[in-house]
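Numbers for residues simply follow the sequence, beginning at 1.
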Amino acid sequence: QVHLVESGGGLVQAGGSLRLSCAASERTFNTYFMGWFRQAPGKEREFVAAISRNVGNTYYGESVKGRFTISKNNAKNTAYLQMNSLKPEDTAVYYCAASDRYYYTAISTDYNYWGQGTQVTVSS
């Protein structure tokens, strides 16, 4: 069982930046594909970004490409999401997730473990 805890959310003006962190309890953190998803009120959960196991290949949703960067520190069992040039439409609850799949997936049901979420609000 992997326990994930997100932090770093908050209120920011459009054009600003935030960095989300996802701390994992599992010492075999680098054996999981890590992903970030978000869900705005009344909308479906949306894939944001993912990072592969050991090599650290990264993948992004179209709406965040060029603005968001996913990374991780295996020694600290922590994944990050650096969000720049934020827009009001980025407002959502952001979730960290871990998948035991070997290959990239943007499908939320392929992720086995989820954090509780952190609210990001971007004002115009």
Task: side chain to side chain contact (heavy atoms under 4.5 Å, CB included), paired with Y80, selected from N73, I70, L20 - done: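 By the side chain to side chain contact (heavy atoms under 4.5 Å, CB included) criterion, Y80 pairs with just one of N73, I70, L20: N73.
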Open item on the list: When you measure from the centre of the six-membered ring of F33, is the NZ or CZ of R53 closer than 6.0 Å and no more than 45° off the axis?
Closed with: no
Open item on the list: Apply side-chain contact (heavy atoms from CB on, under 4.5 Å) to residues H3 and Y113 and explain how you reach the verdict.
Closed with: CA-CA 7 Å; H3 184 57; Y113 306 103; over 6 Å; no
Open item on the list: Side-chain heavy atoms nearer than 4.5 Å, only ILVMFWY residues, links allowed to pass through others: does that put Y60 and L86 together?
Closed with: yes
Open item on the list: With a 4.5 Å cut-off on side-chain heavy-atom distances among I, L, V, M, F, W and Y, is there a chain of contacts connecting L81 to V2?
Closed with: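 Cluster IDs for L81 and V2 match.
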Task: Ring centers of Y59, Y104 separated by less than 6.0 Å - done: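 Aromatic pair counts; centres sit under 6.0 Å.
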Open item on the list: Taking the ring centre of each residue, are F37 and Y111 less than 6.0 Å apart?
Closed with: yes
Open item on the list: Let's go through S71 and Q82 carefully: what are the C-alpha distance in whole Å and the side-chain angles of both, what is the deciding distance for side-chain contact (heavy atoms from CB on, under 4.5 Å) to 0.1 Å, and is it a yes or a no?
Closed with: CA-CA 8 Å; S71 62; Q82 177 66 44; over 6 Å; no
Spacing of [atom1] belonging to [X] relative to [atom2] belonging to [Y], to within rounding of 0.5 Å:
X    : Y    : atom1 : atom2 : answer
D90  : E46  : CG    : CD    : 8.5 Å
Y95  : Q116 : OH    : CD    : 9.0 Å
R19  : S7   : CZ    : OG    : 9.0 Å
K72  : I51  : NZ    : CD1   : 5.5 Å
Y103 : S52  : OH    : OG    : 12.0 Å
Y32  : D100 : OH    : CG    : 6.5 Å

TODO: Could you check L4 against M34 for side-chain contact (heavy atoms from CB on, under 4.5 Å), going step by step and ending with a plain yes or no?
DONE: CA-CA 11 Å; L4 302 173; M34 299 301 298; 4.2 Å; yes
Open item on the list: Please give me the minimum heavy-atom distance between S124 and A14, naming the atom from each residue.
Closed with: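 Heavy atoms only, the tightest pair is CA-CB, 4.4 Å.
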Short side-chain donor-acceptor distance under 3.5 Å, [Y] and [X]:
X    : Y    : result
S63  : R38  : yes
D110 : S99  : no
E44  : S108 : no

Task: Aromatic ring pairing F68/Y94, orientation class (parallel under 30°, perpendicular over 60°, tilted between) - done: tilted
Open item on the list: With side-chain contact (heavy atoms from CB on, under 4.5 Å) as the criterion, how do F47 and I107 come out once you've worked through the C-alpha distance, each side chain's angles and the decisive distance to 0.1 Å?
Closed with: CA-CA 7 Å; F47 170 74; I107 302 172; over 6 Å; no
Task: Expected output: side-chain E6 to main-chain C96 donor-acceptor under 3.5 Å - done: yes
